[in-house]
Amino acid sequence: MSFRSKALWAFGVSYLVSTAILMVYLMYTATVNLPSLPDDRSIYWWRDASYGRYILRHTCNETDVVCDTCCYCYTPASHIMADFGDLSEATLTERHCEKRLPQAIIIGAMKSGTYALRTYLSYHPDIAMAYDEPWFWNKPEEFEQGLERYRKMMHYSTPRQVTIEKTPDYYHGEGVPERIIQNLPDVKILMIMKDPVKRAISHYNFERLRTQDFYFPATFEEAVMTADGYVNVHSEYLIQSAYSVFVKRWLRHFPPGRFLAIDGDPFQRDPVPQLQRIEKYLGIRPFFTKDIFVKNSTSGFWCLTKPIYSCVPQSRPHPPHPKVSDSVLMTLYRYFRPLNKQLAKLLEEPSFEWFSY
Ligand SMILES: Nc1ncnc2c1ncn2[C@@H]1O[C@H](COP(=O)(O)OS(=O)(=O)O)[C@@H](OP(=O)(O)O)[C@H]1O
């Protein structure tokens, strides 16, 4: 063998070996972080190539509850991610199932109850809920790729269903309302908000549990008050609870008929009246009634019993909130009073519970 052919052979072999190593590495890194699943072959991780993420999928089986007017069946796996199993290709075609751009978007400050709202609504037969939070309109690397990419992030829907996505962070994203209205001129916004002080405590509690930061404030008081006892107006927990500041931006682009505000406090105690309001607002058939909900005695939250028994997955930590001193609570309620007044005026709502606190 000449030197030239030896070199070519060596090059060829090393090329094949390195390609094989790269393939193995890519397959490994693509799956290594996926949580293991129950031993049920109808549930599997599926890489949605159109947006490069893994999502949970399930094929429908005989024991699942098939939705007669949708593009999916309800499987117990929806407890994991509130996702749904897929029907057969033939049924999808027969029902005109396609991925459609959303007609409504759920937004809200962190810890306002957005996940619960999304979960309940996802069981309404006239709603097709996106499986994941798209984080599309607040990320240039996403929206610069165009609407087609966004559409692919939605769930399959029939023509009579309303497609909805939830990305809480749109709520405070710079330029987000403008971007949405320019691209989806008929879309409706659903915003859930709860008592701003309770929300701030919940937000702090959540961050406290996931932070590794050595300098993270040891108490809620430290996080929201200055050393000399004033309200720290730069605290992220308080900024996100200043709803009127952000709602004003949304209402510049979305008139009241296209922006529905939901009070998260009564929603948590009894979701039905708010869900019925949403049905009317979206113009969909009535589905939610008191008799299809039962209260879970452990979590204290409401679970749906129809179309299948389903509780809001507590996928995030839900630890008890820290005790906050009465004087700090009073100071914070006083701080939020004018902001809440502004919000009441903006929303033209009769009243939210915490407007009078
Ligand atoms: N089933 C049900 N119904 C109504 N409300 C519920 C429900 N489950 C949770 N919660 C409340 O929602 C809070 C979490 O809000 P989010 O889902 O918006 O949180 S997150 O930002 O997505 O992590 C959560 O906050 P924490 O109490 O601090 O955990 C609860 O107040």
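All ligand and atom numbering here is 1-based and tracks the order in the structure.
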Which of the listed options, [options], holds the heavy atom that is closest to [atom]?
atom	options	answer
atom 12 (O) of ligand 1	Ser202, Gly113, Gly300	Gly113
atom 1 (N) of ligand 1	Tyr120, Tyr115, Tyr204	Tyr120
atom 7 (C) of ligand 1	Trp302, Phe293, Phe267, Phe301	Phe301

- So, are Glu348 and Lys345 salt-bridged, with charged N and O less than 4.0 Å apart?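 Not counted as a salt bridge, because no side-chain N and carboxylate O are separated by less than 4.0 Å.
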- In this structure, which one of Lys194, Arg199, Lys198 forms a salt bridge (charged side-chain N to carboxylate O under 4.0 Å, His left out) with Asp265?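 In the set Lys194, Arg199, Lys198, the residue that makes a salt bridge (charged side-chain N to carboxylate O under 4.0 Å, His left out) with Asp265 is Lys198.
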- Task: Please say whether Phe206 places an N or O atom under 3.5 Å from an N or O atom belonging to ligand 1.
- Result: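 Such a contact does not occur with ligand 1.
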What atoms in ligand 1 come closer than 4.0 Å to a heavy atom of [X]?
X	result
Met110	21 (O)
Lys194	30 (C), 31 (O)
Ala116	1 (N), 2 (C), 3 (N), 4 (C), 5 (N), 6 (C), 7 (C)
His321	26 (P), 27 (O), 28 (O)
Val312	1 (N)

- Heavy atoms only: give me the nearest Ala200-Leu238 pair and the separation to one decimal.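 Taking every non-hydrogen atom into account, CB-CD2, 4.2 Å.
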- Item | More than 12 heavy atoms from other groups under 6.0 Å of CD on Glu141 |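 Above 12, so yes.
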- Query: Does any N or O in the side chain of Gln268 come within less than 3.5 Å of the main-chain N or O of Phe301, such that one atom is a donor and the other an acceptor?
  - Reply: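 No, because the side chain of Gln268 does not come within donor-acceptor range (under 3.5 Å) of the backbone of Phe301.
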- Do any N or O atoms from the side chain of Glu133 and from the backbone of Pro168 form a donor-acceptor pair under 3.5 angstrom?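 Not at all, since once roles are kept as given, no pair shorter than 3.5 Å links the two residues.
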- Task: Establish, from distance only, whether the side-chain atoms of Tyr150 and Glu165 form a donor-acceptor pair under 3.5 Å.
- Result: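 There is such a pair (donor and acceptor under 3.5 Å, judged by atom type) between the side chains of Tyr150 and Glu165.
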